[in-house]
2 protein chains.
Amino acid sequence: MAASELDPLLASLGEARRARRTVMSTSADRAARLLREQVVEGTLRSGTRLPEVRLADALGVSRNTLREALSQLVAERILVREEHRGVLVATPDTTAVRDVYAARLVIEPAAVLHGPALDPAHLAALDAAVREGTTAGDRGDWPAVASANQHFHRAVVALSGSERLVAQMELLLAEMRLFFHQMGDPEPFHAPYLEENAVIAGHLRAGRRDEAATRLAAYLRAAERQLVAAYEQRTVGGDG
Amino acid sequence: MAASELDPLLASLGEARRARRTVMSTSADRAARLLREQVVEGTLRSGTRLPEVRLADALGVSRNTLREALSQLVAERILVREEHRGVLVATPDTTAVRDVYAARLVIEPAAVLHGPALDPAHLAALDAAVREGTTAGDRGDWPAVASANQHFHRAVVALSGSERLVAQMELLLAEMRLFFHQMGDPEPFHAPYLEENAVIAGHLRAGRRDEAATRLAAYLRAAERQLVAAYEQRTVGGDG
DNA sequence: GATTGCGGGATTGTTCAACAGTCCTTACGG
DNA sequence: CCGTAAGGACTGTTGAACAATCCCGCAATC
């Protein structure tokens with residue numbers, strides 16, 4: 001077993017190929033991504049049923065592969081499966097919102113406070129998200145503001161340096177967007193936080209982690225209150 | 001639409017039924033749970049391939065349903081899928097360990113510090129996990145100590161009050177156990193922390209959140225260092 | 001008139017069989 | 001020693017099938 005000097009190269013090449021293969025998209029993954037996108041963008045509204053045959057037909061995949069995709073999204077809490085009744089787009093209630101915010105209140109300020117050194121790439125991502133939000137707000141494109149907000153909070157969690165934590169955060173954020181779509185008019189839920197995002201990014205750029213963290217925590221608590229209040233008003237008022 | 005007085009009862013019943021149906025186990029879920037258990041318990045070692053036909057046969061399900069289960073576990077990072085090569089048990093490396101600990105360092109101390117009021121149920125869960133660990137340690141059952149440790153940290157995150165955060169933590173902990181199995185002898189990785197768990201639980205019982213959090217953070221940093229060091233020593237020494 | 005019982009259609013849960021595409025090993029030839 | 005062709009094993013994906021279950025409407029009943 002004489003090890004030649006190019007063994008490391010071979011190993012790294014093999015690894016790269018394996019990585020690419022791991023990341024390549026299988027048919028079920030593509031279907032899942034497509035559906036997820038439709039749900040997050042609001043095209044597929046909360047509560048709509050997803051019949052397997054019709055949907056598989058529409059997506060151009062077989063029912064079996066579609067079921068793989070659906071299972072994936074059920075695990076992400078974007079869809080809900082009711083046995084023998086099928087899957088439907090989840091409709092988060094205030095319990096879900098409180099739960100998500102409890103998680104966010106743990107994760108986000110802590111990421112700001114205790115993440116590794118603030119490196120330029122992370123700060124740039126934050127600034128980019130802030131700019132994305134303000135320009136979208138200037139042209140009144142509130143769905144785009146919602147996306148920008150999502151990007152901002154993803155960037156915040158990225159400060160933790162943990163890819164896994166970011167992935168988990170994205171699940172929470174996707175669920176939040178589902179909730180927003182239920183609430184209708186997105187402006188009052190996103191507009192107030194554009195300024196706030198800028199302030200927090202500014203604090204971080206200046207290295208003031210404490211201020212950023214406390215401001216972020218207050219921000220999250222306020223957003224939770226606002227959402228829960230709006231939801232309860234809505235369900236008290238409306239009938240369907 | 002005259003509402004009778006038993007409407008609320010009907011509504012609650014319907015909700016309960018839906019909840020049960022949502023939680024009830026489909027065949028794929030059962031297969032996934034079984035496989036997960038085998039992996040976490042160490043029966044299925046890192047790197048072992050899981051051929052679909054043989055495995056489906058062994059589990060008594062069809063290949064299609066098995067694939068649903070496998071997809072689920074791939075999403076949980078317990079298994080890895082390499083396209084056209086199949087699924088195999090993940091082998092976390094030090095990168096994964098660093099990533100997981102970065103996430104845990106954000107989540108766990110923050111859950112201790114900023115979770116809602118420490119209620120008796122949570123404190124009882126912590127104590128139970130501590131006792132479970134010490135008795136297992138007394139009889140030298142180190143795999144059981146590993147389980148107890150997992151329960152302790154789950155209880156810590158439960159302080160956050162977020163069911164979702166607990167679920168996400170469980171993914172991280174499962175991945176850690178995969179790593180432990182790779183390292184062989186579990187005693188040196190779990191024994192030192194039994195005492196530490198007891199101290200932290202004591203702090204929390206007395207309401208000293210700050211001490212508990214800082215102690216927990218130090219604990220996590222130490223564990224990460226120990227694990228990474230052991231791993232690198234192991235891979236420098238061995239050849240396969 | 002409200003309630004119960006009973007099809008009947010639609011949909012899910014699950015299986016089986018098949019086939020092309022890809023990967024791995026092995027043997028062969030230069 | 002290197003490339004390569006052949007063959008086998010396995011995955012990715014599909015289509016069809018069948019029992020179980022659910023839902024809706026209609027008739028029978030009290």
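Below, read A as the first sequence line, B as the second, and so on, with proteins coming before strands; counting in each chain starts at 1. Because only heavy atoms are used, hydrogens play no part in the values below, and waters and symmetry mates are left out as well, while side chains stay in.
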When every nucleotide of nucleotides 8-17 of chain D is labelled 5' to 3' by its protein contacts under 4.0 Å (heavy atoms), B for base, S for sugar-phosphate only, - for none, what sequence of letters results?
--SBBBBB-B
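Pairs engaging residues 154-188 of chain A under the ring-ring contact (aromatic ring centres under 6.0 Å, His included) rule: A:Phe179-A:Tyr231, A:Phe180-A:His190 [sequence neighbours left out]. Applying the salt bridge (charged side-chain N to carboxylate O under 4.0 Å, His left out) test to residues at least two apart or on different chains, the pairs with a partner in residues 43-64 of chain A are A:Glu52-A:Arg63, A:Glu52-A:Arg67.
Residues passing the side chain to side chain contact (heavy atoms under 4.5 Å, CB included) test with A:Ala155, sequence neighbours excluded: A:Ala125, A:Leu126. Every residue meeting the side chain to side chain contact (heavy atoms under 4.5 Å, CB included) condition with A:Thr91, not counting sequence neighbours, appears here in chain and number order: A:Ser46, A:Gln182.
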Donor-acceptor pairs under 3.5 Å, side chain of residues 96-105 of chain B to any protein atom, not counting sequence neighbours: which ones?
from: B:Asp99; atom 1: OD1; to: A:Ser162; atom 2: OG; distance (Å): 2.8
from: B:Asp99; atom 1: OD1; to: A:Glu163; atom 2: N; distance (Å): 3.3
from: B:Asp99; atom 1: OD1; to: A:Arg164; atom 2: N; distance (Å): 2.9
from: B:Asp99; atom 1: OD1; to: A:Arg164; atom 2: NH1; distance (Å): 3.3
from: B:Asp99; atom 1: OD2; to: A:Glu163; atom 2: N; distance (Å): 2.8
from: B:Arg104; atom 1: NE; to: B:Glu108; atom 2: OE2; distance (Å): 2.7
from: B:Arg104; atom 1: NH2; to: B:Glu108; atom 2: OE2; distance (Å): 3.1
from: B:Arg104; atom 1: NH2; to: B:His153; atom 2: ND1; distance (Å): 3.2

